[in-house]
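Below: one structure, written as structure tokens.
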Amino acid sequence: MRTVTKRAAQGAIAVMLALGGIASTAGTAQAAGTTDFWSYNHSYWLGPNNNTGRCVDDSEDLTVPDHNLLRGFGCYDNSYAGGWQRWLVIGKNNANGSAQLFNAATGLCLDDSTRSDGSDYLRGLTCYADSFSGGWQAWRIVNRTTASGSYQQVLQNVNTGRCLDDSNAGNSGTDLLRGYPCNGSSQDHGYQGWDIYIKD
């Protein structure tokens, strides 16, 4: 079932790229380009990650600080149905192609503002209009081509310029997601590459 869904989504994206003139960029040091891929008031599945195969999950893991740190977790239909892996577009900025993403289970938004401990872990945070306009909760999809010639989607925060990264959060070896400088190596190895699906 997932394979069929994935192929259908990739086919739809290919058509939009061909007909809509969405920019595609080569593997450079920074994620560049814009896209109008986000669709207002639709829900997305963010994943699997091109390296780990995990999805962006906000299931409030009680073992991590603040309990609202986002993690990469196996992509499961029941996790989507339960809302932890279901991300709804509640705000959209056509000028820069960004969207504010609301988690259906927790009611929190995908956020890349600096935490009190200074870490780069991503978290689910209360959805604020000023956080969206300020860019901490504004995410854009960058379409690029990897060094091997594969099509790839990267999620970049508008304020920090960092990319959503699933590389086991450095030397801690956890499954926590982080905002990490966008770079060709991390993207080509898949840590910053995501398959993005409109689910409903």
Note to self: Using ring pair (Phe, Tyr, Trp, His ring centres under 6.0 Å), reason through Y44 and W38 one step at a time and then give a plain yes or no.
What the structure shows: CA-CA 9 Å; Y44 286 81; W38 295 116; 5.0 Å; yes
Quick one, Y80 with D200, criterion side chain to side chain donor-acceptor pair (under 3.5 Å). Give me CA distance, side-chain angles, the key distance, then yes/no. CA-CA 11 Å; Y80 180 86; D200 48 50; 3.1 Å; yes
- Query: Should S133 and D130 be marked as a side chain to side chain donor-acceptor pair (under 3.5 Å) after you check the CA-CA gap, both sets of side-chain angles, and the distance that decides it?
  - Reply: CA-CA 5 Å; S133 62; D130 60 347; over 6 Å; no
Notebook entry, point to check: Can you list the steps and then say if T146 with Q187 is a side-chain contact (heavy atoms from CB on, under 4.5 Å)?
Noted result: CA-CA 7 Å; T146 66; Q187 291 161 15; over 6 Å; no
Between R71 and S59, is a side chain to side chain donor-acceptor pair (under 3.5 Å) present by the stated rule, with each step listed? CA-CA 8 Å; R71 59 180 174 169; S59 51; 2.6 Å; yes
- Message: Applying side-chain contact (heavy atoms from CB on, under 4.5 Å) to Q152 and N50, what does each step give before you reach the verdict?
- Response: CA-CA 9 Å; Q152 185 180 62; N50 296 167; 3.3 Å; yes
Query - Pair Y151-N143, side chain to side chain donor-acceptor pair (under 3.5 Å): steps then yes or no - result: CA-CA 7 Å; Y151 169 74; N143 299 302; 2.5 Å; yes
Step-by-step side-chain contact (heavy atoms from CB on, under 4.5 Å) determination, K199 to W45: CA-CA 7 Å; K199 289 283 287 184; W45 206 345; 3.5 Å; yes
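A donor and an acceptor atom, one from each side chain of S167 and R178, are located under 3.5 Å apart. No side-chain donor from either of D120 and Y180 sits under 3.5 Å from a side-chain acceptor of the other. Looking at T106 and D58, their side chains do bring a donor and an acceptor atom within 3.5 Å of each other.
Rounding to the nearest 0.5 angstrom, the gap separating the CG atom in D175 from the CG atom in L177 is 7.5 Å. The distance from the CG atom of D111 to the CG atom of L122 is 8.5 Å, given to the nearest 0.5 Å.
Closest of all the heavy-atom pairs between N78 and W84 is O-CZ3, 4.3 Å. Scanning all heavy atoms of the two residues, the minimum distance from R54 to G72 falls at CD-O, 3.3 Å. The minimum heavy-atom distance between R144 and D188, with the atom names listed, is NH1-OD1, 3.1 Å. Residues Q85 and G74 share a closest heavy-atom pair of NE2-O, 2.8 Å. The minimum heavy-atom distance linking V154 with C163 is given by the pair CG1-SG, 3.2 Å. In terms of heavy atoms, C75 sits closest to G53 at SG-O, 3.6 Å.
With respect to D112 and R162, a salt bridge is recorded, a charged nitrogen being found less than 4.0 Å from a carboxylate O.
Below 30°, between 30° and 60°, or above 60°: for F73 and Y76 the angle between ring planes is above 60°, a perpendicular geometry.
When the shell of 6.0 Å around CZ of F102 is examined, it contains more than 12 heavy atoms from other residues, nucleotides or ligands.
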